[in-house]
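Here the structure comes first, spelled out in structure tokens, and everything after it is commentary.
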Amino acid sequence: MLVASRVFTWPQEGPRRAYHAAVTAALHAHTVNLHAHTHVVRTEDRPLLWNGQLSQRATEDLNQLGIKLCLADDVQQLVWWLVGSRLATVDARWIYHQLETVQFAMARGKYPQEDVDHLLHSLTIFVYSQLKRLRSLHQAFPPGRHWRPQLTYTLRTLRRLEEDPGTRHLLDQTGQPVIHDDVYAALTRHATLWWGEVLGSWQGQAEGRLHSLMSLTREAHSTIKQDAHNYDHVFKSEMFITYTTISYREFSRHLAKIIVPLLSPTYPALSTPTPVSTPTPKSTTLHGTDGSEVLEDFSVGSPLWSLYRELARLHTVVQEAGERDSAADGERGDVEGFPSWFLGSVASWLNRIHHHTLARLQRHLLLDRLPNPPTVPESLSPAPVSLSPAPVSSSPAPVSSSPVPVSHLAVSDCPSVDPKFSSTVPESISSTLSATYHLTCAATVAVPGPSPSVPPSMLPPTSAAPSAPTYKSSFQELLSVFAEVRAWWEALEWPDEETSGALLVLVLENLCSLAVVCCQGLAILPPPATTHVATHPPPPPTPTPCFDLEFIGRVGSMWGALQSVMGLAGALGVEVAVGRLVARGRTAAASQVQDSVTNLTTSVAHNIDFMLDRTIDTAVCQVKSRLREAVEAACEAGKEEALLDHVITPTLALLRLQHLPSTLQQRLLQRLWDAVVATFMVSVNTRPQRAADEYWEGVYRSIRSSFLLLTSPGHLHPSSASTPGYRSLLEEAEEQRVRTQALIIQYYEAHYAHLLDHRRPTVAHLLLRTFYSEPGRLKVRVLEARDMVEGNESSSMASSRKSCQPRYYVVAQVVPRHMFPNAVVCTTAKARPASFYDTFEFPTGVIGKESAGWLEVLLMVAPPPRGGAGGGGAAAAGGGSCSLLGQGLLPLASLPYLGSPDLHNTCLRMTAPHVTASERGYRCLGVLRSRVHDPLAVSFCRILERYHSEVSREAPQGLRSAGRPPRD
């Protein structure tokens, strides 16, 4: 009944000892009488405790004894505390109130030093006894609503001892630590002994011990949850301690000693993939280097997975219990570190799963190589390993994908990932493909069914079409892998923010590597074999699309893989993981994870996009010969249906039936259109030397019709199709299809507009009189030239001016020359000063208001003669040292007739514009100069070069540089 080994007695005889003995005897008699004359049964739910009350007679006797011994009331209450505090079956509520009374009396100085010493001794024994009871918490305070108040007031009494300055000063004299720390240590000791006894020693095989630990973890989950309900509120409100945290930590420590040796001790790197023909053991138990059994199967529903999930549930209970106390903060690694136990096993299992997934992906790539792909026999394919447990059924399990590759697992921090994937398939994959190809060809099993269902969020975006495109078998397998990885990761719910970022980045890295391997395999698939039979004469061309179904399936699969990689970060919840790290204050780790994911997905997307471009370019190169034949037929024979009906229209119809994503269809049509434009350019540059206007008409009609067809609604966007090459080719064809006579007229119209431009400087004024003497006969009287600008003279003329004045003469003619074949070129005599007064007559025919034609007047300057007078007009005109000073044009339709009131002298403004094909309006010159086999064009260019030397210095213009074919 008494907690202490002996009852404390006063050191000498006196009233306090007598009263103490009387109280002890009365309490003993009361207890014996209570058990002897009552039928109250002490149970676990309803304890039998003394509440500080005695019988009426015993109480009166003790009061009389106190009066007789002259003991003050405070001294009597101290004696009651000294006796009651040593009882194990005393009501904690009475103890608490009795302590309040004693502390109040001590604060008022009611106790002499002798009583204080007695109080100090009793307090020491009381604290020791209550801490001893807390070390056996479940026995001293069993769960139940009747025991909860006892625990509450016991802790409250201890806290009052700590908070009261008087009692704390007494405890300091004995070296008593902070009571809160002693309570925490007592609870820790209790949890250690409790779970050590529950767990004990485990024997047997690894898998058998694992099943036992699973059952124990479920029971521990129930126990800790019940303890959280019974004890957490009391300890948190009275001592600011979370008992669930202490219990879970000690449970984790004991469980770690059992589980960690069973799990993989290292984080293995990705090794060489297992060959397809090598059988893989299906047992989930492997052996480590030290001979200990290691469990590595971490699929959903496996024993190891179930144990992990039970511990995660247990961890959730601890988190729901509330914030940890300050002492538990230093033990975070033990409380929340259970995911680190499984990192090695997760890495080993994911490494093994990656090998199987890679082998299955290679198998599907082999199936994609065959025209009618059969199934590889089960003896030649690896055993399927899935993230989810196989369904229990008597029928054979369906073919399932095997996902989640993780190559390098490190848990120290989040590594920066910067993968550099090769543009070719690794040697090991190529060897496996070639070795298994012949075995696959011999198989005659039916084609397997479709891949497992894939969540819509993991599928690539497609246009709103009634049917989806048919993807390759390897891409369907890749989608299945991605979908299972996403489901596995969501079910995993990795609770540790410190390692979840690194694990997520590594899982994402290996998924991206699978996507790259898949696209590499699709990119090197050979084109479908076609048999060509030579016939004579060759058969007529038939409508055939540029792309076949096999190619569309390949690029569709590669495009789908690209879109899936771009959506992996969102599917795996990278933003959520980064947000959790930021919430915990790990901004540096969050930034590292975000940067790693961004760099990884960007690099992989760039590589896949590059492979997709190479695949499309290869397919386009294979149809260039067909395009060349169709383009040449359309240009030379004027049969544009050879290109439109036999090539472009079937291609558009095939793409429309396949319902490819809009972006991918735009890319395919853009590459095809670039190839068409480049083929037109090559055909134009290698055209026959004497290409007629009909040839260019065919070029113009074919390229324009092709543009309109490809840019019809639902196909290529017009802005994308209007490339510089197309615009240059269209302009070239539009110019070249114009007749030479029309081009010459275009030149004179542009030249006349340039001469009238007021921004051009005036070099001279020429006074002349022009009129029609009779219908069809034009008379021109050249009078004199004025206001000559010396800066327009040649350098030789300028240097000779120092010695003598230059001489001037005028050349007059009606242009264009082909419209007036009977008109001659007239030249005045060289004069100094420029006074001529010569009259010329030109046969022009009847000139109407709408008729074309001009009177061209050229003011020439010649150097002074070195020996005698100059020669005649024709010779002067052909002098090599003469140069053009200014030029003017008069429209023939605007000249008056003889006797007209508008007839008067004309002061013609002379200018000297620069005439080159690069000038605005002079593009026709480049076309004329390119027609080297047209006599009229050659003659016109020679005459033009006689007066405009800059034309001869400019190279003939073909297709503009902006329109050169971008690639061959």
Side-chain angles (χ1 to χ4, degrees), residues 741-742 744-789 792 808-831 833-861 873 877 884-913 915 921 940 943-944 947:
Q741 294 84 346
I744 295 176
I745 293 176
Q746 289 181 12
Y747 163 75
Y748 280 110
E749 289 176 348
H751 194 53
Y752 178 66
H754 283 208
L755 291 175
L756 295 181
D757 190 356
H758 67 279
R759 294 172 297 181
R760 297 186 179 276
T762 303
V763 298
H765 289 90
L766 183 64
L767 186 65
L768 70 161
R769 189 180 186 89
T770 58
F771 59 91
Y772 288 103
S773 60
E774 60 183 72
R777 305 294 296 183
L778 176 66
K779 280 191 175 183
V780 177
R781 180 173 297 175
V782 182
L783 301 179
E784 61 181 0
R786 306 171 182 173
D787 306 329
M788 280 76 73
V789 178
N792 288 273
Y808 302 94
Y809 66 94
V810 175
V811 178
Q813 59 181 339
V814 288
V815 291
R817 299 288 297 275
H818 65 272
M819 296 178 60
F820 310 100
N822 297 325
V824 297
V825 179
C826 300
T827 305
T828 65
K830 299 176 182 178
S835 298
F836 310 106
Y837 296 95
D838 289 339
T839 302
F840 308 108
E841 187 172 338
F842 301 96
T844 61
V846 179
I847 300 298
K849 292 296 182 181
E850 68 282 355
S851 300
W854 293 265
L855 172 65
E856 184 180 37
V857 181
L858 306 174
L859 179 60
M860 308 294 294
V861 57
L884 176 67
L885 179 62
Q887 185 178 8
L889 287 176
L890 290 175
L892 296 179
S894 64
L895 300 180
Y897 281 86
L898 181 64
S900 172
D902 298 329
L903 178 60
H904 51 76
N905 294 341
T906 302
C907 184
L908 182 62
R909 174 175 173 265
M910 310 290 284
T911 59
V915 179
F940 172 79
I943 294 175
L944 189 63
Y947 302 105

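Because the structure is a prediction, the values reported are computed rather than measured.
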Inset, instruction - I would like to know whether Val915 and Tyr747 meet side-chain contact (heavy atoms from CB on, under 4.5 Å); could you show each step before the answer? - result: CA-CA 10 Å; Val915 179; Tyr747 163 75; 3.8 Å; yes

Backbone N or O of [Y] within a donor-acceptor pair of the [X] side chain at under 3.5 Å?
{"X": "Ser900", "Y": "Asp902", "answer": "yes"}
{"X": "Ser773", "Y": "Lys779", "answer": "no"}
{"X": "Arg760", "Y": "His754", "answer": "yes"}
{"X": "Arg781", "Y": "Phe771", "answer": "no"}

Please report the shortest heavy-atom distance between [X] and [Y], naming the atom on each side.
{"X": "Asp838", "Y": "Ala829", "value": "OD2-N, 3.5 Å"}
{"X": "Pro816", "Y": "Ile745", "value": "CG-CG1, 4.1 Å"}
{"X": "Leu768", "Y": "Val782", "value": "CB-CA, 4.2 Å"}
{"X": "Ala812", "Y": "Phe842", "value": "O-CZ, 3.7 Å"}
{"X": "Glu784", "Y": "Phe836", "value": "CA-CD1, 4.1 Å"}
{"X": "Thr844", "Y": "Phe820", "value": "O-CE2, 3.5 Å"}

How many angstroms lie between atom [atom1] of [X] and atom [atom2] of [Y], to the nearest 0.5 angstrom?
{"X": "His904", "Y": "Thr770", "atom1": "NE2", "atom2": "OG1", "value": "9.0 Å"}
{"X": "Leu783", "Y": "Leu766", "atom1": "CG", "atom2": "CG", "value": "8.0 Å"}
{"X": "Leu756", "Y": "Arg909", "atom1": "CG", "atom2": "CZ", "value": "8.0 Å"}
{"X": "Met860", "Y": "Tyr809", "atom1": "CE", "atom2": "OH", "value": "4.0 Å"}
{"X": "Arg769", "Y": "Leu903", "atom1": "CZ", "atom2": "CG", "value": "4.0 Å"}
{"X": "Leu755", "Y": "Met910", "atom1": "CG", "atom2": "CE", "value": "8.5 Å"}

Inset, instruction - Would you mind reporting whether Cys826 and Gln813 have side-chain heavy atoms less than 4.5 Å apart? - result: no

Inset, instruction - Evaluate the criterion side-chain contact (heavy atoms from CB on, under 4.5 Å) for residue pair Arg817 and Val825; output intermediate values, then yes/no. - result: CA-CA 10 Å; Arg817 299 288 297 275; Val825 179; 3.5 Å; yes

Inset, instruction - Walk me through it: do Tyr752 and Trp854 pass the test side-chain contact (heavy atoms from CB on, under 4.5 Å)? - result: CA-CA 9 Å; Tyr752 178 66; Trp854 293 265; 3.9 Å; yes

Legend entry - Check against side-chain contact (heavy atoms from CB on, under 4.5 Å), Phe840 and Thr828: CA-CA 9 Å; Phe840 308 108; Thr828 65; 3.6 Å; yes

N/O donor to acceptor pairs below 3.5 angstrom from side-chain atoms of residues 885-893, sequence neighbours left out:
| from | atom 1 | to | atom 2 | distance (Å) |
| --- | --- | --- | --- | --- |
| Gln887 | OE1 | His751 | NE2 | 2.9 |
| Gln887 | OE1 | His948 | NE2 | 3.3 |
| Gln887 | NE2 | His751 | NE2 | 3.3 |
| Gln887 | NE2 | Glu856 | OE2 | 2.5 |

